[in-house]
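In this text, all values refer to a predicted model and were calculated from it rather than measured experimentally.
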Amino acid sequence: MAELAMVPRWAEVARHRRVHRLGLLQGTALFVGAVLGPGVLALPRLAAAAAGPASLITWGALLALSVPVSLTFAALGARYPDNGGVARFAGSAFGGHTAAAVGWWFYLAVPIGVPAGALIGGEYVAVSLGLGESAIAPISCGLVVAAFAANYVGLRLSGRVQLLLVILLVVLLVAAVAAAAPSVEAANFTPFAPHGWHGVVDAAGVLFFAFAGWEAASHLSGEFAQPRRHLPWATTLTVIVVGVLYLGLAVTTIGVLGGRAAFSAVPLTLLLAHGIGDAARTITAVAAVFLSFGAINTYVAGGARLGASLAQHGALPRVLARGGGAGEVPRRSLTVLAVLAGLVTMTTVVYRVDLDTLMRATSACLAAVTVIGTAAATRLLPRRSAGRLVAMAATAFAGAVLASCGIFLFVPALLGLIAVMVSGAARRPGRRPAPTRAAIAAAPAAPVGPAGRSATGPARERITT
């Protein structure tokens, strides 16, 4: 579920680590954590169920897509260092309505993604420890309640703990791949495409969940000591690390488990068991609890702050803006997320909504954010530059992934429509007016970045998130 995590999550980590300026290694660690997450514990099974061994093509294609997408966000962050991230770039390129839609996609992906992350943790714990399916719902609900309770009292996991959880996940993946690799059998890769090529496309809709998070480069750009120098290298190193881990896990999951890969609720446990035996069950169960709670806690914390920021700028009802200042707890925004997450969790438990559905809905929102972010880059980056050409390719690829979400496209479409209506109402007479061109022109000049360009992009209407 790391992928949600995105902006608020890693900006939150950087703040609580009290790191004023990030270096190459610190930035790379945060980027790796922004892309990896507990979602990867379940994604190999969902991909195998959608496409069988042919899901390896989807893994490879999305990894290839990640190259232009990640480089595009790195280019934006390096040229316009600002923690406002994708919403800021969307506002600069396309106006306040688009920025509001992007903010809503982030904000309301939280109550969808939180139950998904909790369900992953609950399923891993219940199955690994042999507690039975009846234990999944109580464990999942417990994780959700614990995360919201911790945020209501203002508790935050320290940045060091968050990074420790990331390291734990990386070590688990490496250990599982290394332990299972000798047991890979060629026979498990046949039939290669049991569901046809449609299954390969279908797998992209859920697997994008694993590859969201590259926009963290733009959101953390303001934290780097030397963004123009460190951002491209941090992004490149992250692509390499994530690519090796994802492809290694995907290949060993199919090659070792074969047909079981599509049905096993705990594929990582089975892979790790090849190396350490039954102890793998306890280790992965404990790891699932910490990873799930850590991700949920930071998603909730960042989402609540994002909601307060959106309310301050008219993209959400202004009553939710209270508590959005530094060091404060945005309890009103948090309450909205708690109610929505509770409804989604209750619906998931009562109507047995599967993990695949939750992750596809979240992926659709994240894919929409990626399309807008890369499209904004085609307008903000210099004409005839290599970065602009890469951004155009990234937009085309991201658009193809968004199209693969199928019926789940209605989620970002509906949220975007509501966001535009709400932000439009905030600009009607009698409310806070939108800044005019004259007012923007009369405003103090934005800080000038390298090469004499504005550090915040073109002088258009902006929403800061």
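- Between the Ser70 side chain and the Val67 main chain, a donor and an acceptor come within less than 3.5 Å of each other.
- A distance of 15.0 Å separates OG1 of Thr98 from CZ of Phe89, quoted to the nearest 0.5 Å.
- For residues 356-367, the pairs satisfying salt bridge (charged side-chain N to carboxylate O under 4.0 Å, His left out) are Asp202-Arg360, Asp356-Arg360, with sequence neighbours left out.
- Within the 4.5 Å cutoff, no side-chain heavy atoms of Phe73 are placed close to those of Leu231.
- Partners of Ser404 according to the side-chain hydrogen bond (donor to acceptor under 3.5 Å, both in side chains) rule, which considers only residues two or more places apart in sequence or in another chain, do not exist here.
- Counting heavy atoms from C-beta on, the side chains of Leu108 and Cys365 never come closer than 4.5 Å.
- For residues 96-117, there are no salt bridge (charged side-chain N to carboxylate O under 4.0 Å, His left out) pairs, not counting sequence neighbours.
- Interatomic distance, OG of Ser333 versus CG of Leu306, reported as 7.5 Å (0.5 Å rounding).
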Passes side chain to side chain contact (heavy atoms under 4.5 Å, CB included), Ile296 versus Phe148? Steps please. CA-CA 9 Å; Ile296 293 171; Phe148 276 101; 5.8 Å; no
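- Around atom CZ of Phe397, no more than 12 heavy atoms belonging to other residues, nucleotides or ligands sit under 6.0 Å away.
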Side chain to side chain contact (heavy atoms under 4.5 Å, CB included) evaluation trace for Leu310 with Phe106: CA-CA 11 Å; Leu310 291 171; Phe106 272 133; over 6 Å; no
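- The heavy-atom pair separating Arg318 from Ala311 by the smallest distance is NH1-O, 3.5 Å.
- Residues Val266 and Thr284 have side chains not in contact (no heavy-atom distance under 4.5 Å, counting atoms from C-beta outward).
- Sorted by first then second residue, the side chain to side chain donor-acceptor pair (under 3.5 Å) pairs that include residues 336-353, not counting sequence neighbours, number zero.
- Residue Leu415 holds its CG atom at 9.0 Å from CZ of Phe410, rounded to the nearest 0.5 Å.
- Val344 has its side chain within reach of Leu358: a pair of non-hydrogen atoms, C-beta onward, lies under 4.5 Å apart.
- A 4.5 Å side-chain heavy-atom check between Asn151 and Val329 finds every atom pair outside the cut-off.
- The closest side-chain heavy-atom distance from Cys141 to Val349 is below 4.5 Å.
- Distance check: Phe408 CZ to Thr357 OG1 gives 4.5 Å after rounding to the nearest 0.5 Å.
- Under the side-chain contact (heavy atoms from CB on, under 4.5 Å) rule, Pro111 has a single partner from Val339, Leu340, Leu343, which is Leu340.
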Leu380/Ser92 under side chain to side chain contact (heavy atoms under 4.5 Å, CB included): CA gap, chis, key distance, verdict: CA-CA 8 Å; Leu380 299 179; Ser92 295; 4.2 Å; yes
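- No more than 12 heavy atoms of other residues, nucleotides or ligands sit less than 6.0 Å from atom CZ of Arg322.
- Between Pro44 and Leu249 the shortest heavy-atom distance is CG-CD2, 3.8 Å.
- Side-chain N or O atoms of Ser140 include one that pairs as donor or acceptor with a backbone N or O of Ala118 at under 3.5 Å.
- Of all non-hydrogen atoms in Ala394 and Thr374, the two that sit nearest each other are CB-CG2, 3.8 Å.
- Note that CG of Leu143 is 10.0 Å distant from CG of Leu119, once rounded to the nearest 0.5 Å.
- Residue Ala308 comes nearest to Pro330 through the heavy atom pair CB-CB, 4.0 Å, listed as atom of the first residue, atom of the second, then distance.
- Between Leu41 and Tyr124 there is a side-chain heavy-atom pair separated by less than 4.5 Å.
- To the nearest 0.5 Å, the span separating CZ on Arg384 from CG on Leu389 amounts to 11.0 Å.
- Across all non-hydrogen atoms, the minimal contact from Leu46 to Met359 is CD1-SD, 3.5 Å.
- For Leu409, the side chain to side chain contact (heavy atoms under 4.5 Å, CB included) criterion is met by Leu402, Cys405, not counting sequence neighbours.
- By the salt bridge (Lys or Arg N to Asp or Glu O under 4.0 Å) test, Arg45 pairs with Glu123, sequence neighbours left out.
- Shortest non-hydrogen contact noted between Leu355 and Ala116 is CD1-O, 3.5 Å.
- You'll find the side chain of Phe208 reaches within 4.5 Å of the side chain of Leu65, heavy atoms only.
- Checked by atom type and distance alone, the side chain of Arg331 pairs as donor or acceptor with a backbone atom of Tyr152 at under 3.5 Å.
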